[in-house]
**Student:** 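Would you mind keeping the following structure in view while I ask a few things?
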Amino acid sequence: MACQSVAAIMDEQALLGLNPNADARYRQRAMAYFEQLKESQDAWEVCAEALAKGIYNDDHVKFFCFQVLEHQIKFRHAALSAAQQQLIRETLMKWLQCQLMNTQPEKPFIRNKAAQVLALTFIMEYLTMWPKFFFDILTLVGLNPHGVDIYLRTLMAIDAEVVDRDILHTPEETRRNTLIKDTMREQCIPSLVESWFQILQTYQLSHPELTCQCLEVVGAYVSWIDLNLIANDRFVNLLLSQMSVEELREEACDCLFEIVNKGMDPVDKTKLVESLCQVLQSAGFFNVEQEEDVDFLAKFSRLVNGMGQSLVLSWTKLAKAGNVKDAAETLQAVEAKVPLLLQLLVHEDDDISANIVGFCYEYLHVLKQLPQLTDQQKTNIEAVMLAVMKKLTYDDEYNFENEGEDEAMFVEYRKQLKMLLDRLAQVSPELLLEAVRRVFTNTMQSWQTAPFMEVEVAIRLLYMLGEALPASHGAHFSGDTAKTSALQDMMRTLVSCGVSSYQHSSVSLEFFETVVRYDKFFIVEPQHIPNVLMTFLDQRGLRHNSPKVRSRVAYLFSRFIKTLIQTRLFPRFLILKLNPDLRTDLLSGSF
């Protein structure tokens, strides 16, 4: 039952304008009334009374009253009398007390606004007038679900105002926020952490939504509080147990991720990550192929990524410090995660795969720094190569004619995979070159019967080698004999095997992109130029049935011709076979 009492004197006509369906005249009156209450020295007090006594049932009026209070606290707090400041504190606590007695909670937008007002009051008064802010709230709400909900929302609102790095603050606000955090660490953080533990323990079965809220709070605050308060057996075991509860495990994953990301001594970090991994593995979480919930696996992949990157960072610090023993143990811990990394990297869901790319990239960077690679490390490199090649492949659902959000996300994901390929080239260019050559050669031998996605990715890999393997000014066909020989063989196969006739726009585009990327090949083997030019000019290129292909090929053709003319390789007799406009452009050198 809602708290009720005598009515506060408010402009009832103006309040009618708060309804979204009210006509313009009433809405204008409501806006004018809002401005009047905001700027008045004491008229706003009727809003405080209305909230404290629960006079209005209309949600829009309640929200309006909180907005008026918010303005007073945010912009006029210093000008308020001590009695008025006390009135605001009492109003908020009375309203909160009413929530404990109500059978139904307020709408989420009202609870969020109330939390914002409580957070603003905390920021203005915690250091001076209300040092027992959290003590008073915790004493009042206890473990009442409605009260706990407001308490947790208030903590998140405080985090947004005081800690969130995405919000720009003035130097004065930054100093104030630092002082607030320092004071909280000294005075109340242990009590808050204890309250979180009690909430997580009490409500994990009966109120999963409250438990998820609390896990979000822990994840937000762990970045700046003493990690030992959270990273202990009691707390971590509770979090790990919630990894097995379907409604909680995604939020528990996020919370563990934030704990793992906390800066700490590298040896201690390795021990923390290893203890977490041991429990997760024994609980069966490493059996990725048996998990059907892709949303959870995406969170789990992010957690594994965080653990892996943390271990790599620890190894880097220990190696720099010359701590050989601990560095070796940490590297061993990194290596132990590679099988799990590979499972997640090759997962059919791209979100799950994308979330582990960071760890994979850092792991390859570690291998690049080692004086010599073991057989197992070489095997790992090859496994990563195969995974990247597989994941670069389009799926059947990709819409080439009408690319939307899903297609844009895959393009971005491909860019991440390209970063891995570039890193692989730095670690072991010979292995990468050989792997690409093997895939390319096998695919080109049977391109007529291969699915378009296999043909496209084979050519794409050849194209990507151009950036992955270093070459001065695109001179891929001079210098290192092994590299030039392999690239030359693949280019010869590309332009002579007939794959340019493949009936799919993605293959056509990749063919022409690759020809132009390796235009220096035709200096070495100019005999292929006539056939390639015909490919540009007929239905495979400029006369393709896809406008997208025709448009791109027109641009690529101009670049290709320009290179040929500059190197005096363009067979001038072919100019006579071109259409008049193109012939004129070529003869005048306007390309």
Side-chain angles (χ1 to χ4, degrees), residues 3 51-52 66 69 73 85-86 88-102 105-106 108 110-163 177 179-226 228-230 232 234-235 238-239 242 251 255:
C3 298
L51 287 171
F66 272 120
L69 278 194
I73 299 163
Q85 292 171 348
Q86 179 64 24
I88 290 175
R89 290 194 288 275
E90 290 176 355
T91 295
L92 294 173
M93 295 304 284
K94 286 177 182 177
W95 178 86
L96 185 53
Q97 190 168 24
C98 285
Q99 304 315 300
L100 309 183
M101 295 183 282
N102 289 347
E106 296 282 9
I110 294 176
R111 283 181 272 161
N112 285 335
K113 180 54 70 176
Q116 287 174 3
V117 174
L118 277 161
L120 284 172
T121 306
F122 165 82
I123 289 163
M124 294 295 184
E125 301 191 351
Y126 176 62
L127 296 173
T128 53
M129 291 168 278
W130 203 355
K132 290 190 174 183
F133 177 88
F134 288 113
F135 177 81
D136 290 346
I137 288 181
L138 286 171
T139 302
L140 176 62
V141 304
L143 284 172
N144 178 285
H146 294 170
V148 167
D149 176 87
I150 302 298
Y151 164 61
L152 294 173
R153 288 173 193 267
T154 301
L155 285 168
M156 288 308 296
I158 289 171
D159 176 76
E161 291 288 341
V162 175
V163 184
N177 292 345
L179 187 56
I180 286 174
K181 287 189 290 185
D182 289 343
T183 307
M184 286 179 68
R185 289 188 192 99
E186 291 174 13
Q187 295 182 357
C188 64
I189 287 297
S191 299
L192 297 186
V193 172
E194 181 58 32
S195 74
W196 302 338
F197 182 83
Q198 296 302 327
I199 292 166
L200 291 173
Q201 194 173 48
T202 302
Y203 289 123
Q204 58 183 338
L205 298 178
S206 61
H207 292 74
E209 71 287 349
L210 278 183
T211 309
C212 286
Q213 270 181 264
C214 192
L215 288 168
E216 186 181 3
V217 168
V218 175
Y221 278 71
V222 77
S223 67
W224 59 274
I225 66 174
D226 180 3
N228 292 320
L229 295 169
I230 303 292
N232 52 59
R234 184 179 76 141
F235 218 109
L238 180 60
L239 293 175
Q242 291 173 345
E251 207 63 61
C255 188

**Student:** Which pair of non-hydrogen atoms, one from Val162 and one from Lys181, has the smallest distance, and what is that distance?
**Tutor:**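 That would be CG1-CG, 3.9 Å.
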**Student:** If I take atom CD from residue Glu194 and atom CD1 from residue Ile199, how far apart are they, to the nearest 0.5 angstrom?
**Tutor:**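 One finds 10.5 Å between CD of Glu194 and CD1 of Ile199.
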**Student:** Show your working on side chain to side chain contact (heavy atoms under 4.5 Å, CB included) between Ile150 and Leu118 and close with a plain yes or no.
**Tutor:** CA-CA 9 Å; Ile150 302 298; Leu118 277 161; 3.8 Å; yes
**Student:** I'd like to check Thr202 versus Val148 (side-chain heavy atoms, cut-off strictly below 4.5 Å). Are they in contact?
**Tutor:** no
**Student:** Quick check: closest heavy atoms across Asp149 and Gln213, and the distance to 0.1 Å?
**Tutor:** OD1-OE1, 2.9 Å
**Student:** List for me each residue that meets side chain to side chain contact (heavy atoms under 4.5 Å, CB included) alongside Met156, sequence neighbours excluded, and say none if there are none.
**Tutor:** Glu216, Val217, Ala220
**Student:** Roughly how far apart are Cys188 SG and Tyr126 OH, rounded to 0.5 Å?
**Tutor:**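 Taking SG in Cys188 and OH in Tyr126, the distance rounds to 3.5 Å.
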**Student:** Could you check Lys113 against Gln116 for side-chain hydrogen bond (donor to acceptor under 3.5 Å, both in side chains), going step by step and ending with a plain yes or no?
**Tutor:** CA-CA 5 Å; Lys113 180 54 70 176; Gln116 287 174 3; 3.0 Å; yes
**Student:** For Phe134, run the side-chain contact (heavy atoms from CB on, under 4.5 Å) check against Ile158, Thr139, Ile189 and tell me which one passes.
**Tutor:** Ile158
**Student:** Does some side-chain heavy atom of Phe122 sit less than 4.5 Å from a side-chain heavy atom of Trp130?
**Tutor:**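 The answer is no; the side chains never approach within 4.5 Å.
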**Student:** Looking at every non-hydrogen atom in both residues, tell me the closest pair between Leu152 and Cys214 and how far apart they are.
**Tutor:**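 Taking every non-hydrogen atom into account, CD1-N, 3.8 Å.
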**Student:** Do the non-hydrogen side-chain atoms of Ile73 and Gln85 ever get within less than 4.5 Å of each other?
**Tutor:** no
**Student:** Is any side-chain heavy atom of Pro108 closer than 4.5 Å to one of Arg111?
**Tutor:**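 Arg111 reaches Pro108 side chain to side chain.
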**Student:** Locate the shortest heavy-atom distance separating Ala119 from Ala157; write the atom from each residue and the value.
**Tutor:** CB-CB, 3.6 Å
**Student:** Do Asn144 side-chain atoms and Val141 backbone N/O form a donor-acceptor pair below 3.5 Å?
**Tutor:** no
**Student:** Quick one, Val218 with Phe197, criterion side chain to side chain contact (heavy atoms under 4.5 Å, CB included). Give me CA distance, side-chain angles, the key distance, then yes/no.
**Tutor:** CA-CA 9 Å; Val218 175; Phe197 182 83; over 6 Å; no
**Student:** Going from CG on Leu96 to CG on Leu140, what distance comes out if it is rounded to the nearest 0.5 angstrom?
**Tutor:** 5.0 Å
**Student:** Mind listing the closest non-hydrogen atom pair of Trp95 and Leu51 along with its distance?
**Tutor:** CD1-O, 3.7 Å
**Student:** What's the separation between atom OG1 in Thr154 and atom CG in Leu92, rounded to the nearest 0.5 Å?
**Tutor:**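 Thr154 OG1 to Leu92 CG: 9.0 Å, rounded to 0.5 Å.
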**Student:** Could you go through Met184 and Ile180, starting from their C-alpha distance and side-chain angles, then the distance that decides it, and tell me whether this counts as side chain to side chain contact (heavy atoms under 4.5 Å, CB included)?
**Tutor:** CA-CA 6 Å; Met184 286 179 68; Ile180 286 174; 3.9 Å; yes
**Student:** Keeping His207 on the side-chain end and Pro145 on the backbone end, is there a donor-acceptor pair under 3.5 Å?
**Tutor:**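 Checked: no pair found.
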**Student:** Can you sort out the partners of Asp182 under salt bridge (charged side-chain N to carboxylate O under 4.0 Å, His left out), two or more places apart, ordered by chain and number?
**Tutor:** Arg185
**Student:** Nearest 0.5 Å please: distance from the CD atom of Gln86 over to the CE atom of Met129.
**Tutor:**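 One finds 10.0 Å between CD of Gln86 and CE of Met129.
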**Student:** Could you state the interatomic distance from CD (Glu125) to CZ (Arg89), rounded to the nearest 0.5 Å?
**Tutor:** 4.5 Å
**Student:** Specify the closest pair of heavy atoms between Tyr221 and Leu155, including all atoms of both residues, with the distance to one decimal.
**Tutor:**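 In this case the closest contact between Tyr221 and Leu155 is OH-O, 2.6 Å.
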